[in-house]
A.B. asks: 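Dumping the structure here so I can ask a few things about it.
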Amino acid sequence: MFAKESTPPSNFIRTIIEEDIKTNKYNGRVVTRFPPEPNGYLHIGHAKSICLNFGLAAEYGSHCNLRFDDTNPSKEEIEYIESIKSDVRWLGFDWEDRLYYASDYFEKLYECAVQLIKKGKAYVDDLSAEEIREYRGTLTQPGKDSPYRGRSVEENFDLFQRMRAGEFKDGSRVLRAKIDMVSANLNMRDPVMYRILQATHHRTGDKWCIYPMYDFAHCISDSIEKITHSICTLEFEDHRPLYDWFLNELNLYHPQQIEFARLNLSYTVMSKRKLLELVKEGHVSGWDDPRMPTISGFRRRGYTPESIRNFCERIGVAKRDSIVDVALLEHCIREDLNKRAPRAMAVLRPLKVVIDNYPENQVEELEAINNPEDPNMGSRKIPFSRVLYIEEEDFCEAPPKKFFRLAPGREVRLRYGYYIKCEKVVKDEKTGQVVELHCSYDPRTKGGWSPDGRKVKGTLHWVSADHSLDAQVRLYERLFVTANPLDEKQGLDFKSYLNPNALQTLTSCKVEPSLKNIALGSRYQFERLGYFYVDPIDSSEGKLVFNRTVTLRDSWAKIVRKSEN
RNA sequence: UGGGGCGUCGUCAAGCGGUAAGACACAGGAUUUUGGUUCCUGCAUUCGGAGGUUCGAAUCCUCCCGCCCCAGCCA
């Protein structure tokens with residue numbers, strides 16, 4: 001693990017940076033930035049970008065800025081800014097005193113625009129949005145010049161000043177770069193630089209009624225911050241000529257834009273728009289619903305920042321579109337929690353077991369190891385008594401082949417307890433449901449060892465009925481039933497692939513008494529079941545609510561699945 | 001049918017003219033008081049296809065095929 005972390009895999013961005021350092025392109029500097037728009041919560045795709053940008057900076061002994069790309073007040077909110085900051089921090093990254101906003105640069109941006117106007121490289125256009133679209137042409141047909149393209153520098157300057165002064169209404173005019181209406185790259189067909197928006201900005205208030213567009217604001221913001229490598233996703237590749245054009249025309253410090261493929265994860269969706277839709281339509285409880293691929297969702301699910309960082313490193317960085325198997329993410333969190341999470345016993349679907357030959361009222365304290373992977377975590381005592389609960393699925397009246405658990409007449413081990421043998425099955429007369437088991441125990445097998453060396457095939461987890469604590473447990477599965485919900489075959493909407501069983505809430509779970517006063521947000525492995533997280537929001541004094549982060553690998557389930565097919 | 005990208009194992013992904021890393025997944029086996037963990041073993045004679053250059057090609061050239069992105073006053 002450490003070897004892996006100390007020698008990060010090679011990728012094309014690192015190669016570019018190494019080359020730039022060698023040729024002294026930026027005097028050996030490496031400065032990056034993470035530039036989210038505060039219009040939604042961060043998802044694991046952003047985590048990839050965060051790890052990349054902050055990681056690269058750290059690797060080259062430099063820094064990465066956090067900059068909010070807040071140029072569109074109609075979509076952006078303070079709530080998102082706060083969530084983004086806390087998510088980046090939670091992931092383990094630090095922007096120190098370099099928290100920036102594109103809106104901090106509005107005045108500078110305005111000056112740049114004026115400069116382009118004076119250079120004859122920008123003009124105010126009175127065409128409507130629809131007309132601009134028409135004049136732009138199509139993918140295969142060139143565009144044509146706006147009738148306003150030939151305005152004088154003086155007129156453009158005057159109009160632009162009056163746009164800023166609020167003399168015109170929304171949508172009536174825009175400022176455009178004068179580039180090339182017949183360019184094969186649509187982004188170069190006189191892109192809009194400023195639009196009029198009579199909106200209150202979350203930071204600048206009503207100071208502005210014109211707002212810069214992404215292409216104009218982003219390159220200049222990068223330049224102001226002396227970024228060296230401006231890393232963004234593939235869809236901006238076509239924008240690079242424009243990025244370069246603005247900086248060249250303005251004669252500004254010029255960072256290098258580099259594009260990589262965004263992360264896609266199987267069994268989920270990654271676009272903010274779609275995630276917002278799930279939130280707004282109530283398919284999930286919020287942005288931090290543990291079913292969501294958001295950073296806050298994974299946090300609430302019980303994922304650790306380490307596991308997510310490790311995942312981001314393992315998936316690599318490249319330019320080809322891909323869908324990473326969510327099994328890799330699950331592997332990363334299991335790997336982390338296996339080493340760190342203390343073990344405990346919890347019974348999700350309790351089946352009552354009475355040990356008939358165990359003395360009534362007797363209680364024994366048995367020793368249980370907290371984490372077999374880490375002896376330093378010590379051990380604890382768990383009470384054993386005559387009436388216990390075991391997992392419903394650990395008993396089978398007519399066991400199939402390879403079923404090693406409890407069955408009539410069969411002996412199994414209770415973990416850290418005794419060997420018990422099923423003597424009698426009690427069923428509900430009406431439903432035929434097994435409601436209780438009567439077993440006998442072998443007093444010589446205390447702790448789970450047999451002096452005569454006889455072996456049992458199965459070891460079950462259990463809790464003492466009188467000593468156990470009640471708990472609510474939420475079992476989470478994948479949000480979608482299909483690996484690629486965007487593959488909308490037969491015209492099906494991605495939401496038609498939503499997994500109706502992605503959340504199952506169990507309310508009559510029983511957990512061992514040592515979990516009495518555990519900390520909110522702590523993580524446990526419930527033996528044989530999976531890793532669980534104490535939900536910090538819904539748990540309270542005397543009320544335990546656990547979220548299942550991920551199940552343990554389950555080779556028995558695999559066998560069952562195979563035999564079913 | 002314009003422009004920009006991309007095609008290496010089921011999924012990610014190294015490789016940059018010297019004869020296909022690694023991870024996940026999967027399949028066997030060993031160990032095991034978690035059917036967990038750990039540990040072995042197997043898993044691309046082949047790099048989208050076809051030609052060509054070369055002693056030698058996933059790497060260079062040519063053509064072809066496929067996939068993604070672009071026609072917001074979103075980012």
Side-chain angles (χ1 to χ4, degrees), chain A residues 4 9-11 15 35-37 39 69 71-72 74-76 125 127-129 132-134 136-143 170-176 183-189 191-197 210-211 213-215 217-218 232-241 259 261 263 266 272-273 314-332 334-335 338-339 343 345 368-369 372-373 402-405 413-417 419 447-450 455-461 483 525-530 551-559:
Chain A
K4 248 177 281 157
S10 160
N11 66 51
T15 304
E37 184 192 10
N39 67 343
D69 226 327
T71 55
N72 185 357
S74 63
K75 289 189 176 174
E76 298 154 4
D125 196 346
L127 252 29
S128 68
I132 285 181
R133 195 186 319 125
E134 282 160 24
R136 185 154 36 225
T138 67
L139 294 179
T140 52
Q141 287 162 198
D170 282 12
S172 60
R173 281 178 231 264
V174 291
L175 181 72
R176 292 230 257 170
S183 171
N185 181 346
L186 304 227
N187 295 119
M188 301 298 273
R189 318 240 264 227
V192 172
M193 292 165 58
Y194 269 91
R195 74 285 214 188
I196 300 171
L197 240 38
I210 55 171
Y211 291 93
M213 298 290 288
Y214 167 85
D215 288 304
H218 204 90
C232 61
T233 44
L234 249 29
E235 67 271 25
F236 292 103
E237 212 148 16
D238 285 340
H239 295 239
R240 182 159 21 102
E259 312 85 10
L263 169 65
S266 60
K272 272 199 246 180
R273 204 208 94 230
R314 288 197 195 202
I315 57 178
V317 181
K319 295 193 71 153
R320 73 183 80 112
D321 290 310
S322 60
I323 302 177
V324 175
D325 193 340
V326 70
L328 178 59
L329 215 209
E330 293 172 346
H331 167 80
C332 289
R334 284 190 189 111
E335 182 182 61
N338 176 49
K339 285 176 303 202
R343 318 279 122 129
M345 293 209 277
I369 293 164
E373 303 296 316
K402 291 188 183 167
F403 184 89
F404 302 150
R405 283 108 99 141
R413 168 168 43 231
L414 292 180
R415 176 141 237 229
Y416 301 124
Y419 282 15
W449 298 102
S450 161
K455 297 260 192 282
V456 288
K457 289 269 231 171
T459 299
L460 311 186
H461 60 275
Q525 183 200 100
F526 288 166
E527 297 220 22
R528 305 212 302 137
L529 296 173
T551 61
L552 254 27
R553 285 182 61 201
D554 189 348
S555 54
W556 168 241
K558 231 177 259 178
I559 292 169

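Letters A, B, ... mirror the listed sequences (proteins, then strands); counts begin at 1.
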A.B. asks: A:Lys319 has a side chain; which of B:A13, B:C6, B:U34 sits nearest to it?
C.D. replies: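 The closest nucleotide is B:C6.
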
A.B. asks: The side chain of A:Ala327 is closest to which nucleotide in this list: B:C74, B:A25, B:U34?
C.D. replies: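 Within the option list, the nearest is B:A25.
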
A.B. asks: A:Arg240 has an atom CZ; how far is it from atom C1' of B:G4, in whole Å?
C.D. replies: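 About 9 Å, once rounded to whole Å.
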
A.B. asks: If you define the side chain from C-beta out and look only at heavy atoms, does anything of A:Pro191 sit under 4.5 Å from A:Arg176?
C.D. replies: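 A side-chain contact under 4.5 Å is absent here.
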
A.B. asks: Establish, with yes or no, whether the OP1 or OP2 oxygen of B:C24 is under 4.0 angstrom from a side-chain nitrogen or oxygen of A:His331.
C.D. replies: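 A:His331 to B:C24 OP1/OP2: side-chain N or O found under 4.0 Å.
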
A.B. asks: Is the shortest side-chain N/O distance from A:Arg136 to OP1 or OP2 of B:C73 below 4.0 Å?
C.D. replies: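 The answer is yes; a side-chain N or O of A:Arg136 sits under 4.0 Å from OP1 or OP2.
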
A.B. asks: Determine the Euclidean distance between corresponding C1' atoms of B:G7 and B:G15; express it in Å to zero decimal places.
C.D. replies: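 Roughly 15 Å separates the two C1' atoms.
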
A.B. asks: Output yes when at least one side-chain N/O atom of A:Arg320 is less than 4.0 Å from OP1 or OP2 of B:A13, else no.
C.D. replies: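 Yes, A:Arg320 has a side-chain N/O under 4.0 Å of OP1/OP2 on B:A13.
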
A.B. asks: To the nearest angstrom, how far is A:Gln141 atom CD from B:G2 atom P?
C.D. replies: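 Atom CD in A:Gln141 sits about 13 Å away from atom P in B:G2.
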
A.B. asks: Taking atom P of B:A23 as reference, at what distance in whole Å does atom CG of A:Leu329 sit?
C.D. replies: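 To the nearest whole Å, that distance equals 18 Å.
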
A.B. asks: Is it the case that the side chains of A:Asn72 and A:Ser74 hold a donor-acceptor pair, with the cut-off being a distance below 3.5 Å and no angle test?
C.D. replies: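 A donor-acceptor contact under 3.5 Å links the two side chains.
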
A.B. asks: Test for a donor-acceptor pair under 3.5 Å between the base of B:U37 and the side chain of A:Arg553, counting only N and O atoms.
C.D. replies: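 Donor-acceptor pair under 3.5 Å: no.
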
A.B. asks: The side chain of A:Leu328 lies closest to which of these nucleotides: B:C73, B:C24, B:A13?
C.D. replies: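 Looking only at side-chain atoms, A:Leu328 lies closest to B:C24.
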
A.B. asks: Please tell me which of A:Leu139 and A:Ser128 maps to the more 5' nucleotide of RNA chain B, matching each residue to the nucleotide holding its nearest heavy atom.
C.D. replies: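 The residue mapped nearer the 5' terminus is A:Leu139.
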
A.B. asks: When you compare the ring of A:Trp556 with the six-membered ring of B:G35's base, are the centres less than 5.5 Å apart and the planes under 30° from each other?
C.D. replies: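 Ring-base stacking flag set for A:Trp556 and B:G35.
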
A.B. asks: Go through B:G35, B:C68, B:C24 for me and flag the one nearest to the A:Asp321 side chain.
C.D. replies: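 For the A:Asp321 side chain, the nearest candidate turns out to be B:C68.
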
A.B. asks: So, does the side chain of A:Gln525 form a donor-acceptor pair with the base of B:U34 at under 3.5 Å?
C.D. replies: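 Donor-acceptor pair under 3.5 Å: yes.
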
A.B. asks: With the side chain of A:Thr71 defined as its heavy atoms from C-beta on, choose the nearest nucleotide among B:C73, B:A75, B:G35.
C.D. replies: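 The listed nucleotide nearest to A:Thr71's side chain is B:A75.
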
A.B. asks: Determine which nucleotide pairs with B:U38, using a 3.5 Å limit on both distances of a Watson-Crick or G-U wobble pair.
C.D. replies: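 Here B:U38 is engaged in a pair, and the nucleotide opposite it is B:A30.
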
A.B. asks: Hey, is the side chain of A:Asp238 pairing donor to acceptor with the base of B:G3 inside 3.5 Å?
C.D. replies: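 A donor-acceptor contact between them is present.
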
A.B. asks: Taking side chain as C-beta onward, heavy atoms only, is A:Leu234 less than 4.5 Å from A:Asp321?
C.D. replies: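 Yes, their side chains come closer than 4.5 Å.
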
A.B. asks: Taking all atoms of both residues into account, what is the closest heavy-atom pair of A:Gly448 and A:Tyr419, and its distance?
C.D. replies: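 Reported closest heavy-atom pair: O-CE1, 3.5 Å.
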
A.B. asks: Can you tell me, in whole Å, how much space there is between the P of B:G36 and that of B:G29?
C.D. replies: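 That atom pair is separated by 13 Å.
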
A.B. asks: Within the structure, does a side-chain N or O atom of A:Ser10 lie under 4.0 Å from either OP1 or OP2 of B:G15?
C.D. replies: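 Yes, A:Ser10 has a side-chain N/O under 4.0 Å of OP1/OP2 on B:G15.
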
A.B. asks: Using a cut-off of less than 4.0 Å, is there contact between a side-chain N or O of A:Ser74 and OP1 or OP2 of B:C74?
C.D. replies: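 Indeed not, no polar side-chain atom of A:Ser74 lies that close.
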
A.B. asks: Which value, in whole Å, describes the distance between the C1' atoms of nucleotides B:G66 and B:U45?
C.D. replies: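 After rounding to an integer number of Å, I get 25 Å for this pair.
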
A.B. asks: If I take atom OG from residue A:Ser450 and atom CZ from residue A:Arg413, how far apart are they, to the nearest 0.5 angstrom?
C.D. replies: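 Answer for the OG-CZ pair, A:Ser450 versus A:Arg413, is 9.5 Å.
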
A.B. asks: Taking only the C1' atom of each, what is the distance from B:U37 to B:G4 in whole angstrom?
C.D. replies: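 It comes out at 48 Å once rounded to the nearest Å.
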
A.B. asks: Would you mind reading off the distance between A:Leu197 atom CG and B:C73 atom P, rounded to a whole angstrom?
C.D. replies: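 Checked: the CG to P distance equals 12 Å.
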
A.B. asks: Mind checking who B:A71 pairs with, Watson-Crick or G-U wobble, both distances under 3.5 Å?
C.D. replies: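 Per the H-bond distance test, none.
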
A.B. asks: Test A:Asn39 against every option in A:Lys75, A:Lys272, A:Glu76 by the side chain to side chain donor-acceptor pair (under 3.5 Å) rule and name the one that passes.
C.D. replies: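 Going through the options one by one, the only one that passes is A:Lys272.
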
A.B. asks: If B:U11 has a Watson-Crick or G-U wobble mate with both distances under 3.5 Å, name it; if not, just say none.
C.D. replies: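 B:A23 is the nucleotide pairing with B:U11.
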
A.B. asks: Within this structure, what is the CD-to-P distance between A:Glu330 and B:U37, rounded to whole angstrom?
C.D. replies: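 To the nearest whole Å, that distance equals 13 Å.
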
A.B. asks: Does A:Lys558 have a side-chain nitrogen or oxygen under 4.0 Å from the phosphate oxygens OP1 or OP2 of B:C26?
C.D. replies: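 Answer yes for this pair, as a side-chain N or O of A:Lys558 is under 4.0 Å from OP1 or OP2.
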
A.B. asks: Using the side-chain heavy atoms of A:Glu373, tell me which of these nucleotides is nearest: B:U34, B:U37, B:A75.
C.D. replies: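 So the nucleotide nearest the side chain must be B:U37.
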
A.B. asks: B:G2 and B:C64: how far apart are their P atoms, nearest whole angstrom?
C.D. replies: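 To the nearest whole Å, 12 Å.
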
A.B. asks: Using the C1' atom as the point on both nucleotides, what is the distance between B:A44 and B:G35, in whole Å?
C.D. replies: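 Pairwise C1' distance, B:G35 against B:A44, rounds to 32 Å.
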
A.B. asks: Is there a Watson-Crick or G-U wobble partner for B:C6 with both distances under 3.5 Å, and which nucleotide is it?
C.D. replies: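 Per the H-bond distance test, B:G66.
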
A.B. asks: Are OP1 or OP2 of B:C70 and a side-chain N or O of A:Arg189 less than 4.0 angstrom apart?
C.D. replies: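 False: A:Arg189 side-chain N/O out of range (4.0 Å or more) of B:C70 OP1/OP2.
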
A.B. asks: Between B:C73 atom C1' and A:Tyr214 atom OH, what is the distance in whole Å?
C.D. replies: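 That distance rounds to 17 Å.
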
A.B. asks: Would one find a side-chain N or O of A:Ser555 under 4.0 angstrom from OP1 or OP2 of B:G36?
C.D. replies: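 Yes, such a contact exists.
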
A.B. asks: Which label fits B:G4, syn or anti, where anti is any glycosidic angle not within 90° of 0?
C.D. replies: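 Here the answer is anti: the torsion falls beyond 90° from 0.
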
A.B. asks: Report the distance from atom CG of A:Leu186 to atom P of B:C70, rounded to the nearest whole Å.
C.D. replies: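 To the nearest whole Å, that distance equals 10 Å.
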
A.B. asks: Using Watson-Crick or G-U wobble geometry with both distances under 3.5 Å, which nucleotide pairs with B:U53?
C.D. replies: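 Check on B:U53: unpaired, no WC or wobble geometry under 3.5 Å.
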
A.B. asks: Rounded to whole Å, how long is the line connecting atom CD1 of A:Ile196 with atom C1' of B:C73?
C.D. replies: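 Atom-to-atom, A:Ile196 to B:C73, this comes out as 9 Å.
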
A.B. asks: Can you figure out which of B:U1, B:A23, B:U34 approaches the side chain of A:Thr140 most closely?
C.D. replies: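 Nearest listed nucleotide: B:U1.
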
A.B. asks: So how far is it from A:Trp556 CH2 to A:Arg528 CZ, rounded to the nearest 0.5 Å?
C.D. replies: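 CZ of A:Arg528 is found 11.5 Å from CH2 of A:Trp556.
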
A.B. asks: Rounding to an integer number of angstrom, what distance separates B:C68 and B:G18 when you compare their P atoms?
C.D. replies: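 Result for the P pair: 34 Å, nearest Å.
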
A.B. asks: Choose from B:C12, B:A14, B:G36 the nucleotide whose nearest atom is closest to any side-chain atom of A:Asn11.
C.D. replies: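 Ranking B:C12, B:A14, B:G36 by closest atom to the A:Asn11 side chain puts B:A14 first.
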
A.B. asks: Could you give the distance separating B:A58 and B:U19 at their P atoms, to the nearest angstrom?
C.D. replies: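 Their P atoms lie roughly 11 Å apart.
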
A.B. asks: How many angstroms lie between atom CD1 of A:Ile196 and atom OH of A:Tyr211, to the nearest 0.5 angstrom?
C.D. replies: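 Those atoms lie 12.0 Å apart.
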
A.B. asks: For a quick test of reading the model, state the closest non-hydrogen atom pair linking A:Asn187 to A:Asp238 and the distance between them.
C.D. replies: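 Distance-wise, the nearest heavy atoms are OD1-O, 3.2 Å.
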
A.B. asks: Let's test your reading of the model: under 3.5 Å, does the base of B:G35 pair with the side chain of A:Arg405 as donor and acceptor?
C.D. replies: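 When only heavy-atom distances are counted, A:Arg405 does reach the base of B:G35 through a donor-acceptor pair under 3.5 Å.
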
A.B. asks: Counting distance alone, no hydrogens or angles: does the base of B:G4 have a donor or acceptor under 3.5 Å from a partner atom on the side chain of A:Glu235?
C.D. replies: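 No pair found.
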
A.B. asks: Side chain of A:Pro372: nearest nucleotide among B:C68, B:G72, B:G36?
C.D. replies: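 The nucleotide sitting nearest to the side chain is B:G36.
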
A.B. asks: At less than 4.0 Å, is any side-chain N or O atom of A:Arg334 found next to OP1 or OP2 of B:G36? Yes or no.
C.D. replies: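 The answer is no; no side-chain N or O of A:Arg334 sits under 4.0 Å from OP1 or OP2.
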
